[in-house]
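First the proteins, then the strands, lettered A, B, ... as listed; each starts at 1. If you're wondering where the values come from, they're calculated on a predicted model, not measured in any experiment.
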There are 2 protein chains.
Amino acid sequence: MEEKTIEMITKLVMEAMNQPKNEEQGFIVPIGVSARHVHLTQADVETLFGSGYELTKKKELMGGQFASNEVVTIVGLKLRAMENVRILGPVRKASQVEISATDAIKLGIKTPIRESGDTKGSAPIAIVGPKGVVYLQEGCIIAKRHIHMSPEDAVKAGVQNGDTVSVKVENERGTTFNHVQIRVDKSFTLEMHIDTDEANAAKISTGDTVVIIK
Amino acid sequence: MEEKTIEMITKLVMEAMNQPKNEEQGFIVPIGVSARHVHLTQADVETLFGSGYELTKKKELMGGQFASNEVVTIVGLKLRAMENVRILGPVRKASQVEISATDAIKLGIKTPIRESGDTKGSAPIAIVGPKGVVYLQEGCIIAKRHIHMSPEDAVKAGVQNGDTVSVKVENERGTTFNHVQIRVDKSFTLEMHIDTDEANAAKISTGDTVVIIK
């Protein structure tokens, strides 16, 4: 066997040996399932609930967010409605509605998969509250699956802000989510955010764990 | 380098080279998305729609099955109802209701993931028709994802009846379904059956294609 061939083969083998051998060796991430919800500006809160109204806290969530006691009805272009959609606080700089693909089909609206905040050209939606109505010309999205983590966790996981990874769910159904975006910030608690379609298709719930496999 | 080492390395490389290099080389399978539906015995058809009643065909499906014009309302243990659930024909030896995990949550019932026909110990469900009601003590399942194929396709795909494989969806969301069961029968048309949760979580529809990756 030629020296060159042996070199090439050795290089291939070394590369192969640098791959992780199995998923159990991956970085473990807890799951947080997001049901459909709304983020609002303070101005929109007041339009929907009355002048001077402030959201009230029902349950603390990750990263200083909270589920509010307040809910709204959302209505899509085909005039189909969904009731009791929870508002998440605190108020933001822009209002946004996050639904699942199943919800989009039920509402009969074409909704893009986007990162939170990236609502340009997304679906129009009406938000109805007890004191008024807000019409968003754009603002309805399906949230893109992502993982929040601290810089320390990013080092441990061997990833960087903006990376995309695959994440494996090892259970009865057995699912791998690819194209999962990594978001690193020192305020973030380690959690993978998926919507209810993804949770139900993979048979996982908030608090279950998944493993980063690449 | 010792002869033995070279032999070992060569063997490893040969094994590595026998793996498919990328998913594009895998066996391609079209997707069929199953919305919630009901299979009925002739006796149950007659209980629900009247003595002597026969299901009428709305649309041909794969393998001699059809979507009937007839729909029912299903009601779970918590008395929550879902209307307009389609019946698939022809009639079977046992009645069975197939729903998604999202449906199970909405109905508030605990529903196992099962192969079609394997309803022992599955969820109880009431089926309401225009002329009567059927109560299944067991019979409500979430269908386990699977691929139907002919013996010829099985040879081409390099799989056998009862094998489980992984199937990759390469699109914007990017999902891999693991634990997918292969079912081989000469009457089967090549198709992977998934439910609406799986379709929406992976952003695929009937007619889209996926690739068997192992």
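- With a 6.0 Å radius and a threshold of 12 heavy atoms from other residues, nucleotides or ligands, Lys58(B) has its NZ atom at or below the threshold.
- For the set Glu198(B), Lys203(B), Lys144(B), the count of heavy-atom pairs under 4.5 angstrom toward chain A peaks at Glu198(B).
- Between His148(A) and His193(A), the ring planes are tilted. Angles from 30° to 60° get that label.
- There is no contact between Ile194(B) and chain A, counting heavy-atom distances below 4.5 Å.
- We find that Arg173(A) and Asp195(B) are joined by a salt bridge, their nearest charged nitrogen and carboxylate oxygen being less than 4.0 Å apart.
- Neither the backbone nor the side chain of Asp103(B) comes within less than 4.5 Å of any heavy atom in chain A.
- For Gln160(A), the CD atom sits in a loose shell: 12 or fewer heavy atoms of surrounding residues, nucleotides or ligands are nearer than 6.0 Å.
- Highest contact tally toward chain A, considering only Thr176(B), Val180(B), Thr175(B), is held by Thr176(B) [criterion: heavy-atom pairs under 4.5 Å].
- In terms of heavy-atom pairs under 4.5 angstrom with chain B, the leader among Ile113(A), Thr102(A), Ile105(A) is Ile113(A).
- By the 4.5 Å heavy-atom criterion applied to side chains, Val167(A) and Ile147(A) are counted as neighbours.
- In terms of non-hydrogen atom pairs under 4.5 Å with chain B, the most contact-rich of Ala201(A), Ala104(A), Gly174(A) is Gly174(A).
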